[in-house]
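Read the structure below first, then the notes.
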Number of protein chains: 2
Amino acid sequence: MMDDTRTRLVESALRLLREEGLDAVTLRAVGDLTGLSRTAPYRHFTDKTALLAALAVRVIADLSAHVAAAISQEAGRRDRLRAFYLSYVKYATAHREEYRLVFASEFLAGHHPELEEAIDQVTTALGMAGTGEGPVPKAQLMALLSTAHGLAELAVAGQLAHKGIGYGDIVDVLVAPYGG
Amino acid sequence: MMDDTRTRLVESALRLLREEGLDAVTLRAVGDLTGLSRTAPYRHFTDKTALLAALAVRVIADLSAHVAAAISQEAGRRDRLRAFYLSYVKYATAHREEYRLVFASEFLAGHHPELEEAIDQVTTALGMAGTGEGPVPKAQLMALLSTAHGLAELAVAGQLAHKGIGYGDIVDVLVAPYGG
DNA sequence: CCAGCTACGTTGACATTGTCAACACAGGCT
DNA sequence: AGCCTGTGTTGACAATGTCAACGTAGCTGG
C-alpha cells in the first residue's frame, strides 16, 4: 500500500491544524512539513478540498472515538445521554480549530463520500451506545447529533460564555426530559 | 450619516452571496458591483472579515424576522416550537450560501460585537415567542437555538437526505416531549 | 535484457486575492 | 485662503491554489 506518503501528508496537515490553526493549512506548508515540495499533495489528492476532507475524516474519527469512550463508561440512559453531549462539546471546545474544519467540511460532504461515511460512524457509535432496549430510530439519532453539533458550535463561538452560561447548564436542560 | 456607501457595499455583497455563492464575495467584486474601485471597501470596513460580519448581521436579521413571523402565527406551545424549528431549517436550506456565511462568521463573533448582538436578537425573538407563561430561562433558549442550528447544518450538508430522512421527521422527534 | 509505461515528485509560471502605500480631491472648519 | 479629514483611486506586493512541463525510478511485457 503506497498510501504511506498520503498518510504522512494528512498527518502533517493535522499537525499544522493543531499548532497553527486552519488558515495555516496551506498546500505549500503541508508539502514542506512532509519534507516534500509544494505541489506534492497533488499526487495524492485531486484538490485542496480533498486533502481537507481526508483530514476531516481523521478528526471525526478522533471525535467519534472520544465520544464512544465517554458513553461506554455510563450505564443509565440519562447518564449516557449526558455523557454524549458533554464529551462531544468538550472535544469541540478543546480542539477549536479541528472542529472548525469539521464545520467547514460538512458543506463538502456531498462531494466526498468518505466524509459522509465518517459522519455515519458517529451516528452508529451513538446508536450502539443506546439503552440496550433495541435499536434507536435513525431520526432520533440524528436529532441527538444535531443538538450536540449545534451546541458545540455555540460553545466554540463563545456565544455561551458571553451570556454567562456554561454548556453544562444547557446539557441539563437537554437531558431533563429523560428519566434516569 | 454617510453610511450610505457602506450600506450599498453590504447590499452588493449580499447580491453576490446570493447569486454566485460565498466564494464570489471578493472585495474586488463587491467594489465593482457597487460601481466603486477594488479597495473602496477599505474606507468603510477595516477588513474583509468586517465586511463579512456586517453581511452576516444582515442575513441573521433576515433569518430572525423569518422565524419570528412563522412563530407568531401559532398559538400552542408545541406548535410554536415546531414552527420555530421548521422555519429555521427551511430558511437555512432555502438560502444555503447565506447560511454558510452565518456558520463561518460565528467563529468571528468574539471579534465583532455587532454579530453577537445580532445572534442575541434571534434568542430574544425566540424568548418573546414563548408560551406567554412567563419568561423562558436563557439556558432553555440556547438549547433550542443549538438544536435548530445543528439541525440546519445537517440538513444543508445533505446528511439527512442522504439517509432518507426529512427534517420534518426529526422535528417530530424534537417536539415530541412537549405536550400540546 | 531492453523499451516503455506508470507512479511519484520537482520546478516554473500564472491568475486571483487580500492588503498596504502613495496619491488625488472635495468640503467644511479656522 | 489654508488645511485637515473623509473618501476614493491606482500601483505594487506577497501568499496561495493550480496547471503544465519536465525528470526519474521501477516494474512489465516482449
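Letters A, B, ... mirror the listed sequences (proteins, then strands); counts begin at 1.
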Check: Contact class for B/S37 vs. all strands (heavy atom < 4.0 Å): base, sugar-phosphate, or nothing?
Finding: base

Check: Given C/dG18, is OP1 or OP2 found less than 4.0 Å from the side-chain N or O atoms of B/T39?
Finding: no

Check: Taking 4.0 angstrom as the limit, do B/R100 and B/E97 come out as a salt bridge?
Finding: yes

Check: Are any of A/H44's side-chain N or O atoms less than 4.0 Å away from OP1 or OP2 of C/dG9?
Finding: yes

Margin query: Between P on D/dG17 and CG on A/D47, what's the gap in Å once rounded to a whole number?
Written below: 11 Å

Check: What about A/R43, does its side chain sit under 3.5 Å from the base of C/dG9 through a donor-acceptor pair?
Finding: yes

Notebook entry, point to check: If we only count heavy atoms from C-beta on, is the B/Y99 to B/H149 side-chain gap below 4.5 Å?
Noted result: yes

Check: Got B/H112 and B/E116 here, is their nearest side-chain heavy-atom distance under 4.5 Å?
Finding: no

Next item on the list: Please evaluate the base of C/dG12 for a donor-acceptor partner in the side chain of A/R38 within a cut-off of under 3.5 Å?
Entry: yes

Check: Over how many whole Å does the gap from A/D32 atom CG to C/dG9 atom C1' extend?
Finding: 14 Å

Next item on the list: Let me know the distance between CG of B/L51 and P of C/dT17, rounded to the nearest Å.
Entry: 15 Å

Margin query: Tell me the interatomic distance from B/L22, atom CG, to C/dT17, atom P, rounded to whole angstroms.
Written below: 13 Å

Checklist line | SB check A/D169 B/K138 (cutoff 4.0 Å) | finding: no

Item checked: Value in whole Å for how far the P atom of C/dA15 lies from CZ of B/R28 -> 14 Å

Next item on the list: Calculate the interatomic distance between A/Y42 atom OH and C/dC14 atom C1'; express it in whole Å.
Entry: 13 Å

Note to self: Can you measure B/K48 atom NZ to C/dT16 atom C1' for me and round it to whole angstrom units?
What the structure shows: 11 Å

Notebook entry, point to check: Mapping B/T26 and A/A40 to their closest nucleotides on DNA chain C, which lands nearer the 5' end?
Noted result: A/A40

Item checked: Atom pair distance, as rounded to whole Å: CZ in A/F45 and C1' in D/dG17 -> 16 Å

Notebook entry, point to check: Are A/D62 and A/R58 ion-paired here, with the side-chain N under 4.0 Å from a carboxylate O?
Noted result: yes

